[in-house]
Number of protein chains: 2
Amino acid sequence: MTQQPAAPLDDQDFLRLDGQICFALNAASRAFNGLYRVVLKDLGLTYPQYLVMLVLWEHGTMPVKQLGRHLRLDSGTLSPLLKRLEAAGLIRRERSTEDERSVHAALTDEGTALRARAVEVPRRIAAATGFELEEIRDLQTRLSRLTAALDAASFDEEPGEEPRGGSREEL
Amino acid sequence: MTQQPAAPLDDQDFLRLDGQICFALNAASRAFNGLYRVVLKDLGLTYPQYLVMLVLWEHGTMPVKQLGRHLRLDSGTLSPLLKRLEAAGLIRRERSTEDERSVHAALTDEGTALRARAVEVPRRIAAATGFELEEIRDLQTRLSRLTAALDAASFDEEPGEEPRGGSREEL
DNA sequence: CACAATTCAGTTGTGCACAACTCAATGGCT
DNA sequence: AGCCATTGAGTTGTGCACAACTGAATTGTG
């Protein structure tokens, strides 16, 4: 758009460009969040809580650790979030008997029942955005590649970190 | 990937797909944030603070309101953020004399000087991700379109909200 | 001019993200 | 068996996002 064919980019251009892509991704994420906030209000869920419920609806009872791998969240985020879901009566948390360090998140009847009302969420989102399935798929693929690249990059930039278990499951 | 040519998607598929795109965008945003966190640590800036500084470096002194339009943030987010930037000595905040409701954010000498160290940030990010300029541009365009669509959608979904000034400036 | 509506920054309260930490349970190693 | 590093969940503290609100300054209208 503003780029002339033969004009080399200077520092100012790079900073401006950097701001643009940062901003675009940030804004898209927040805009998405905002739309879901509106749609999910009926269900009494926040966006991250919805993501947790989606995983549980699909996979059933699951230890917190594994939930964290799926959603790429650590216990510092999940613990209070799950506590709120439990307070809302949607899940139960029970210590594993075979490994008492582990806590399993399980759907309550109420949590299971909520799924019936959640099935309309994707429709409402899709209808609101007017996006084609293919378009969504394509964007998702690009974002996943971006995430993978950024992960690897963060890892390299980190001075001396421990390997942090590379066997992440893809959702 | 898992989609068969002739198989119609049922509710479960839609929920799973919804989880995937939500998750992908969320994860990408956080991964980006994480990489910037590492790179920006040297400058003593967080990612949103960096975005604010980028705007000020490019445009100079600017009222909080306008900053909010650029970054799509309201005073509830900007006020404490700017207070921290002021505490760090990077900006000054001064009430406008012509309109005492308005507060202008201005760079201090220290804030201006920080730009010299910030010019390497985009290079480090670019080097870390290995992305081509064109690829970044393309993604940015898609995300901007997505944001615009989501904005319009949120607006339509909102039961009865006030117009909320539609003259947003594009960064 | 007076008064009501609007605008702007700031505050409060809730929830998420993440680093750094605690603590108990576990598993490997001698 | 005894010791110690590791693992898993949770807590604490900081910062961001956003809704709802406050209060002061300004603007519009009669």
Side-chain angles (χ1 to χ4, degrees), chain A residues 22 26-27 29-38 40-41 44-52 62-69 71-88 93-105 154 158 161-165, chain B residues 22 26-27 29-38 40-41 44-52 62-69 71-88 93-105 154 158 161-165:
Chain A
C22 289
N26 227 4
S29 179
R30 283 189 288 126
F32 226 85
N33 208 309
L35 176 55
Y36 272 91
R37 191 193 322 283
V38 174
L40 290 174
K41 197 159 57 179
L45 291 176
T46 67
Y47 183 78
Q49 288 167 8
Y50 174 64
L51 291 177
V52 167
M62 180 177 290
V64 173
K65 179 71 178 183
Q66 197 178 339
L67 211 45
R69 273 202 302 275
L71 297 174
R72 193 187 196 60
L73 292 170
D74 67 359
S75 66
T77 300
L78 278 178
S79 285
L81 192 158
L82 293 176
K83 202 182 289 186
R84 282 185 283 272
L85 284 179
E86 188 172 40
R93 284 183 304 162
E94 30 202 36
R95 291 240 162 231
S96 168
T97 50
E98 45 192 58
D99 184 345
E100 299 229 349
R101 292 171 303 185
S102 174
V103 169
H104 293 258
S154 282
E158 214 84 38
E161 288 306 298
E162 68 277 17
R164 181 181 64 163
Chain B
C22 289
N26 227 1
S29 178
R30 284 189 288 127
F32 226 86
N33 208 310
L35 176 55
Y36 271 91
R37 191 194 321 283
V38 174
L40 290 173
K41 197 159 57 180
L45 291 175
T46 67
Y47 183 80
Q49 287 167 8
Y50 172 65
L51 291 176
V52 167
M62 179 177 292
V64 172
K65 179 74 179 180
Q66 197 177 339
L67 210 46
R69 274 201 303 275
L71 297 175
R72 195 186 194 59
L73 292 170
D74 68 359
S75 67
T77 300
L78 277 177
S79 286
L81 191 159
L82 293 175
K83 201 182 289 185
R84 282 186 284 271
L85 283 179
E86 187 172 40
R93 285 183 304 161
E94 32 202 34
R95 291 241 161 233
S96 169
T97 51
E98 45 191 59
D99 185 344
E100 299 229 347
R101 292 171 303 181
S102 174
V103 169
H104 293 258
S154 283
E158 215 83 38
E161 290 305 297
E162 67 276 15
R164 178 182 67 161

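All chains are named by letter (A, B, ...) in the order of the sequence lines, taking the proteins before the strands, and each is independently numbered beginning at 1. For the numbers below, each heavy atom of this structure counts, side chains included, while hydrogens, waters and symmetry mates do not.
Residue Gln66(B) contributes atom CD, which lies 15 Å from atom C1' of dA9(C) at whole-angstrom precision. Between the CZ atom of Arg93(A) and the P atom of dA9(D) there is a distance of 11 Å, rounded to whole Å. The CG-C1' distance, from Leu71(A) to dC18(C), rounds to 15 Å in whole Å. In this entry the distance linking CG of Leu82(B) with C1' of dC8(C) reads 13 Å, nearest Å. Leu78(B) has its CG atom 13 Å from the C1' atom of dG15(D), to the nearest Å. If you take CZ of Arg69(B) and P of dT7(C), they are 12 Å apart, rounded to a whole angstrom. Gln49(A) places its CD atom 16 Å from the P atom of dC18(D), with the value rounded to the nearest Å. dT11(C) atom P lies 14 Å from atom CG of Asp74(B), rounded to whole Å.
Comparing Lys65(A) and Arg37(A), the nucleotide of DNA chain D nearest to each residue sits closer to the 5' end for Lys65(A). When the nearest nucleotides of DNA chain C are assigned to Ser75(B) and Arg30(B) by heavy-atom distance, the more 5′-ward of the two goes with Ser75(B).
Within 4.0 Å (heavy atoms only), Ser102(A) reaches sugar-phosphate atoms of the nucleic acid but no base atom. Leu73(B) comes within 4.0 angstrom of the backbone, heavy atoms only, and of no base. As judged by a 4.0 angstrom heavy-atom cut-off over every strand, Leu81(A) is placed among residues touching the sugar-phosphate backbone only. Counting non-hydrogen atoms under 4.0 angstrom, Thr46(B) reaches the backbone sugars and phosphates but no base.
If you check dA9(C), dG10(D), dA17(D) against the side chain of Ser79(B), the one that comes closest is dA9(C).
Taking 4.5 Å as the limit, some side-chain heavy atom of Leu45(A) sits within range of a side-chain heavy atom of Leu85(A). With a 4.5 Å cut-off on side-chain heavy atoms, Val52(A) and Leu78(A) count as touching.
Remark: Tyr36(A) engages Phe32(A), Tyr47(A), Tyr50(A) in a ring-ring contact (aromatic ring centres under 6.0 Å, His included) (not counting sequence neighbours). Looking at residues two or more places apart in sequence or on another chain, you find a side-chain contact (heavy atoms from CB on, under 4.5 Å) between Ser96(B) and Glu98(B), Asp99(B), Ser102(B), His104(B). Considering only residues two or more places apart in sequence or on other chains, Glu100(A) meets the side-chain contact (heavy atoms from CB on, under 4.5 Å) condition with none of them. Under the side-chain contact (heavy atoms from CB on, under 4.5 Å) criterion, Glu86(B) pairs with Ile91(B), Arg93(B), sequence neighbours left out. With sequence neighbours left out, the side-chain contact (heavy atoms from CB on, under 4.5 Å) criterion links Ser29(B) to Asn26(A), Ser29(A).
Taking side-chain N and O atoms only, Lys83(B) has no distance below 4.0 Å to OP1 or OP2 of dG15(D).
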Show each protein N/O and nucleotides 24-28 of chain D N/O combination with a separation under 3.5 Å, one pair to a line.
from	atom 1	to	atom 2	distance (Å)
dT26(D)	OP1	Glu100(B)	N	3.2

